[in-house]
There are 2 protein chains.
Amino acid sequence: MNATAGERTLRIGEVAERVGVTPRTIRYYEELGLLGSAPGRAKGEHRLYGETDVARLRELIRLRDLLGLSLEELVGLVEAEEARAALRDRWHDSRSDAERLRIVEEAIEHVERQLELVRARQRTLAEFAGELEDKLRRLRRRRHELAGGKRG
Amino acid sequence: MNATAGERTLRIGEVAERVGVTPRTIRYYEELGLLGSAPGRAKGEHRLYGETDVARLRELIRLRDLLGLSLEELVGLVEAEEARAALRDRWHDSRSDAERLRIVEEAIEHVERQLELVRARQRTLAEFAGELEDKLRRLRRRRHELAGGKRG
DNA sequence: CTGATATCTTACGTTAACGTCAACTATCAA
DNA sequence: TTGATAGTTGACGTTAACGTAAGATATCAG
C-alpha cells in the first residue's frame, strides 16, 4: 500500500481501532483506490499494514472530517499525487541524490497543497467567527443600554 | 417562521437562490422543524419569508458546511434555543425593559454557544495546520541537505 | 495438528439529505 | 379575466458511505 512501508505487521482490525474507524471502512477505501492495495496479496489472504499506512489513513480521515471532503474528492487528491509519482518514476535516472531530491520536492508540494486547503477553511471559519463576534458585541451593547442606561 | 419577522415578502425560489440552495431543501428543513413554519398559512398557499428568515437559513447552512453538523444536530440546537424561548415566555411579565433585557441575554447565550462550536473547530484545524507545517519544515530541511550540503 | 479468532469475499441492507415527477393551485402582470 | 409562472403536496427515486450477515479461509497460540 505504500512503497516505502517498513514493517507491515498490523492487521486490519488493529489499524481500524487505532484510527477510529471500522475494518469495513478500510476495505471500502482500498476499493476506491485511496489506500493503493499491496500487490503481493493473494485472494483471501489477510491484509497487512505498516505505520505509514496508519498515518495515511489518519490523514484521509482528517481531510474528510475537518474539511468535509467527499471520498471522491479524496480520490482526486490521491490520484493527482500518484500521477506526479508516476512522472518521477519515468524520470527514474539512478536512485541518486538527484532522484531523492526530486522525491522530497514532490512531497513538499503535496503537503503545501493540503496546507492550502486547510488555510482556506481557516479563513472562512475566521470570517464566520468574526461575524458572530460582531453580533455578540452589538448584543452586549444593547444589554448595557437596557441594564444601566435608559432608552428602550 | 420568525416572531420578529418584518416584511415577509420573499418567495421560496428567491430565498433559495439567494442562499444557494434549492426550494426542496427549504421545505425539507421546514419539515424537520429547522425553520419553524409560519402559522397563518393554509394548505396550498405559498410560503413567504423575510430577511430574518434568510439570515437564519444562511446560519444553518454555514453550521452544516463549516462545522459538518448533521441536520439532526441542527435540530438539537434549534430545539434548545426554542426551549429557552418558551421559558422566557412563561416568565412573560409585561413587555417591559426587564423582558427585553431577558431576550437580549438569551440571544447572547445563543451566539456564545455557536461561537464556542466555531472556536473548537478552529482549534482542531490549527492543530492540523501545525502538524502540516512541521512536516513541511522537516521536508525543507531535508531538501536543503540534499541540495547544498552532503549526507545522503 | 487443532481449535479459537480474526479476516476474506460477496452481496444485500440502511440512512441522511435531498432530487425528481405529477397533478394541482396560488399569484400576479396585462 | 386570463394566462404565464412559480409554488404546493405527496410520493417515489437516488447517492454516498458505509453496516451487516453468511459461508469459507487464513493465522496463530498451545
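By convention in this document, chain letters (A, B, ...) are assigned in the order of the sequence lines, proteins followed by strands, and residues within each chain are numbered from 1. Small disclaimer: the values here were computed from a predicted structure and weren't measured. Just so you know, these numbers use all the heavy atoms, side chains as well, and skip hydrogens, waters and symmetry mates.
- Ion pairing of Glu30(A) with Arg47(A) is present here, as a side-chain N (NZ or NE/NH1/NH2) and a carboxylate O approach within less than 4.0 Å.
- When side chains are defined from C-beta on, Glu7(B) does not count as touching Leu48(B), because their heavy atoms never get closer than 4.5 Å.
- Checking the phosphate oxygens (OP1, OP2) of dT20(D), no side-chain nitrogen or oxygen of Arg24(A) falls inside 4.0 Å.
- Atom CZ in Arg64(B) sits about 10 Å away from atom C1' in dC18(C), given to the nearest Å.
- Atom CD in Glu31(A) sits roughly 11 Å away from atom P in dT9(C) (whole-Å rounding).
- Of the listed nucleotides (dT9(C), dG10(D), dT8(D)), dT9(C) has the atom at the smallest distance from the side chain of Arg27(A).
- Salt bridge Arg56(B)/Asp53(B): absent, no basic N to carboxylate O contact under 4.0 Å.
- Under a 4.0 Å N-O distance rule, the pair Arg84(A)/Glu81(A) does not qualify as a salt bridge.
- A salt bridge links Arg62(B) with Glu131(A): at least one charged nitrogen is closer than 4.0 Å to a carboxylate oxygen.
- Comparing dA17(C), dC18(C), dG19(D) against the side chain of Ser70(B) picks out dA17(C) as the nearest.
- Along DNA chain C, the nucleotide nearest Leu71(B) and the nucleotide nearest Arg11(B) are compared for position; the residue whose nucleotide lies closer to the 5' end is Leu71(B).
- dA26(D) atom P lies 14 Å from atom CG of Leu48(A), rounded to whole Å.
- Atom CG in Leu69(B) sits about 14 Å away from atom C1' in dA16(C), given to the nearest Å.
- Counting only heavy atoms from C-beta outward, the side chains of Leu77(B) and His110(B) never approach each other to under 4.5 Å.
- Remark: P of dT25(C) and CZ of Arg41(B) are 15 Å apart, rounded to the nearest angstrom.
- Within residues 12-22 of chain A, the residues approached by DNA chain D to less than 4.0 Å at the level of any non-hydrogen atom are Thr22(A), in residue-number order.
- Computed from coordinates, the Leu32(A) CG to dT15(D) P distance equals 16 Å when rounded to whole Å.
- Within the 4.0 Å cut-off from OP1 or OP2 of dG7(D), not a single side-chain nitrogen or oxygen of Arg47(B) is found.
- Listed nucleotides dA26(C), dA6(C), dG19(D) differ in distance to His46(B); the shortest reach to its side chain belongs to dA26(C).
- If you find the closest nucleotide of DNA chain D to Gly44(A) and to Glu45(B), the one lying nearer the 5' end belongs to Glu45(B).
- Spacing between atom CD of Glu30(B) and atom P of dC18(C) amounts to 15 Å, rounded to whole angstrom units.
- Distances shown here put every side-chain N or O of Tyr28(B) at or beyond 4.0 Å from the OP1 or OP2 atom of dA16(C).
- Taking for each of Ala42(B) and Glu72(A) the nucleotide of DNA chain D with the nearest heavy atom, the 5'-most of the two is the partner of Ala42(B).
- Contact annotation: Lys43(B) does not reach the phosphate of dC24(C) (side-chain N/O to OP1 or OP2, under 4.0 Å).
- Contact check for Arg138(A) versus Arg142(A): no side-chain heavy atoms found under the 4.5 Å cut-off.
- Note: CG (Leu10(B)) to P (dG7(D)) measures 11 Å, nearest angstrom.
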* Begin from the C-alpha positions of Arg18(B) and Tyr49(B) and carry the test side-chain hydrogen bond (donor to acceptor under 3.5 Å, both in side chains) through to its verdict. => CA-CA 12 Å; Arg18(B) 285 178 53 177; Tyr49(B) 303 86; over 6 Å; no
